[in-house]
Participant: 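Please read through the structure below; I'll follow up with questions.
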2 protein chains.
Amino acid sequence: MSVEFAPLLLEPAYRKVAATIGERILSRALREGERLPSEIELARQFGVNRSTVREALRELESRGLVQRRPGSKLMSVSRPHHATVAAGVSHALLLHDVTVRNVWEALTILEPPLAETAARTRSAADLECIRAAADAFSAQRARAAQAVHSCAEFFRCIGRATHNPVLGLAQEPLLQLLEPSLGVMIDKVPQARARIATAQRRLVEALEAREPELAHQWMARHIRDFRRGYELAGIDLGLRVTSA
Amino acid sequence: MSVEFAPLLLEPAYRKVAATIGERILSRALREGERLPSEIELARQFGVNRSTVREALRELESRGLVQRRPGSKLMSVSRPHHATVAAGVSHALLLHDVTVRNVWEALTILEPPLAETAARTRSAADLECIRAAADAFSAQRARAAQAVHSCAEFFRCIGRATHNPVLGLAQEPLLQLLEPSLGVMIDKVPQARARIATAQRRLVEALEAREPELAHQWMARHIRDFRRGYELAGIDLGLRVTSA
DNA sequence: ATTGCCGGTTTGTCCGACAATCATACGATC
DNA sequence: GATCGTATGATTGTCGGACAAACCGGCAAT
């Protein structure tokens, strides 16, 4: 028996409401910062109940398309924050059994060209931001958690320095997934901190001198070091990445 | 006046419920496919109203963590689908004023190493899938929309052939953002189809012969061609990408 | 084996309600 | 005049209850 009729899907009202408002936002008919009508008003306009509107708002909220500004009750249109979107990607990858090796491989591919690009496009302010992150890392002698955070921040600053949001957002999930295992690695491998600090220093120099190829090389070495660190720490690269 | 007290945030119940269930899923205490209790039962367990539970479910639903299997009423735990997650990233990038150049630059960085990796890791089935996509593209003589779809599918197959979900998911938003402008380009530049078909053929050959460097080169050329196509079509690379 | 029917369960949607919070305006106090 | 307290209205978060539609399992009828 062949399937003659496609299963007709009747979407529930709350999804239609969410889709309608979502399209308005994506098409920029509703602009960033603009405040949404109250729930009662939305319910009146769509001809549905307030509960239905609320369910739709929860969906838009979780997509980051609307937000409540602190100290305000009305929802306002917002652009999804990078960290939020990246968290969604991280969670998806987590559940898809991504391994430490997978993440490391992606970093290998992504980061060196990213540093290379940053060496061309970075502004003075970018450089300052990157240098600050590197200094913060070197200053952290104690807690691994802080060190890991500074280390990730270093990457983030380089990502921003490319002035390409696509690249910045592409690396964010990797950093989120890397943090837990990186913390373990730094704790177990004494010399890791020094090696990371050195690579960061060289990278700052390369970025300052605007030498793309040098930046590429040092970033590649930086990432390769991570793998060595994992091996020295006895972390199996085939293990699944753990939740942040 | 200094800010002495951080603004204490009291989360509404619906978000706590969503967070609690979400953590269970991410920690794999709730496994994929497992069915959630009914809304009434959840309301009873959390000690809240059913409406509150429903708002929480809408959030989890939009994150792709729960799903209703077709023909079933109860929600079941699910892993976020790649396309869904990528759509979130695409929307975020759209609203962050990403330009065609930004996307193209990211492709330049990402795709050649991806093809290179695929040349090493592809299975026979992967190759067949890639070849099928290439054939589909060559067969499409008429509608640009179909051609664009085949073209994107070609990339997706290569992404899958790396057997690294991180890479596959990283490129998906780029493909989604590329599609609209790519359609315009193919329509306006007559020779584009032939050039794309050639690059795809060479790539298939390189992947079949397991020659990573050749695959890298042809993919780089393939992507460079896109830029040429855009210029020939008179598409300003500084324009924002448009919604799919 | 297919069809039709029945009762129990679950969802989608609605209605109405209330406390807590926020915005604003209006006085009161210093 | 500036600050504070308060009254008022709007809005959200949460609740309880309600009902139609759809699904599920079983059972009877054809």
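In what follows, chains are A, B, ... by sequence order, proteins preceding strands, each numbered from 1.
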Participant: Can you tell me the distance, in whole Å, between the CZ atom of Arg58(A) and the P atom of dT12(D)?
Facilitator: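 Value for this atom pair: 9 Å.
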Participant: If we ignore hydrogens and angles and just use 3.5 Å, is the side chain of Arg122(A) paired with the main-chain N or O of Leu207(A) as donor and acceptor?
Facilitator: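 Yes, Arg122(A) side chain to Leu207(A) backbone: donor-acceptor pair under 3.5 Å.
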Participant: Over how many whole Å does the gap from Met75(A) atom CE to dC22(C) atom C1' extend?
Facilitator: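 It works out to 15 Å between those atoms.
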Participant: Can you measure Leu36(B) atom CG to dT9(C) atom C1' for me and round it to whole angstrom units?
Facilitator: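 In whole Å, dT9(C) C1' and Leu36(B) CG are 16 Å from each other.
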Participant: Could you state the atom-to-atom distance from CZ of Arg68(B) to P of dA22(D) in whole Å?
Facilitator: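 Atom-to-atom, Arg68(B) to dA22(D), this comes out as 14 Å.
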Participant: Examine distances only and state if a side-chain atom of His81(B) and a backbone atom of Ala83(B) form a donor-acceptor pair shorter than 3.5 Å.
Facilitator: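 Looks like yes, one N/O pair under 3.5 Å.
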Participant: Take atom CD of Glu11(A) and atom C1' of dA21(D), then tell me their distance rounded to the nearest Å.
Facilitator: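 Glu11(A) atom CD is separated from dA21(D) atom C1' by 18 Å.
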Participant: Please list all pairs meeting side-chain hydrogen bond (donor to acceptor under 3.5 Å, both in side chains) that have one or both residues in residues 18-29 of chain A, counting only residues at least two apart or in different chains.
Facilitator: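 For residues 18-29 of chain A: Arg28(A)-Asp97(B).
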Participant: Taking ring pair (Phe, Tyr, Trp, His ring centres under 6.0 Å) as the test, write out the residues that go with His149(A), two or more places apart.
Facilitator: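 Listed in chain order: nothing, the list is empty.
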Participant: Which pairs, with at least one residue in residues 33-45 of chain B and sequence neighbours excluded, count as a side-chain hydrogen bond (donor to acceptor under 3.5 Å, both in side chains)?
Facilitator: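 Found Glu39(B)-Arg50(B), Glu39(B)-Arg54(B), Glu41(B)-Arg44(B), Glu41(B)-Gln45(B).
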Participant: Sequence neighbours left out, what passes side-chain hydrogen bond (donor to acceptor under 3.5 Å, both in side chains) with His163(B)? Give chain and number order.
Facilitator: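 Asp126(B).
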Participant: Under a 4.0 Å heavy-atom cut-off, which of residues 38-48 of chain A touch DNA chain D?
Facilitator: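 Here the set is Ser38(A), Glu39(A).
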Participant: Could you go through residues 128-136 of chain A and list every donor-acceptor pair under 3.5 Å that involves a side-chain atom there, pairing it with any protein atom two or more places apart or in another chain?
Facilitator:
none

Participant: Checking Ser78(A) now: which residues fulfil side-chain contact (heavy atoms from CB on, under 4.5 Å) with it, not counting sequence neighbours?
Facilitator: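 Partners of Ser78(A) by the side-chain contact (heavy atoms from CB on, under 4.5 Å) criterion, ordered by chain and then number, come out as Gln67(A).
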Participant: What residues form a side-chain contact (heavy atoms from CB on, under 4.5 Å) with Thr99(A), not counting sequence neighbours?
Facilitator: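 Testing Thr99(A) for side-chain contact (heavy atoms from CB on, under 4.5 Å), a comparison that skips the adjacent residues, returns Arg101(A), Asn102(A).
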Participant: Near DNA chain D, which residues from residues 13-21 of chain B have a heavy atom under 4.0 Å away?
Facilitator: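 Nucleic-acid contacts, sorted: Ala13(B), Tyr14(B).
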Participant: Considering only nitrogen or oxygen atoms on both sides, find all protein atoms under 3.5 Å from nucleotides 16-20 of chain C and state each distance.
Facilitator:
from	atom 1	to	atom 2	distance (Å)
dA17(C)	N6	Arg50(A)	NH2	3.2

Participant: Considering residues at least two apart in sequence or located in another chain, which fulfil the side-chain contact (heavy atoms from CB on, under 4.5 Å) criterion with Ser90(A)?
Facilitator: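 side-chain contact (heavy atoms from CB on, under 4.5 Å) list for Ser90(A), sorted by chain: Pro173(A), Gln176(A), Leu177(A).
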Participant: Over how many whole Å does the gap from Arg54(A) atom CZ to dT11(D) atom P extend?
Facilitator: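 For the pair Arg54(A) CZ and dT11(D) P, the rounded distance is 14 Å.
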Participant: May I have all residue pairs that pass salt bridge (Lys or Arg N to Asp or Glu O under 4.0 Å) and include part of residues 158-186 of chain B, sequence neighbours excluded?
Facilitator: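 Only Glu153(B)-Arg160(B), Arg156(B)-Glu172(B), Arg156(B)-Glu179(B) qualify under salt bridge (Lys or Arg N to Asp or Glu O under 4.0 Å).
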Participant: Nearest to the side chain of Pro12(B), heavy atoms from C-beta on, is which of dT13(C), dT12(D), dT14(D)?
Facilitator: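 For Pro12(B), the side-chain atoms sit closest to dT14(D).
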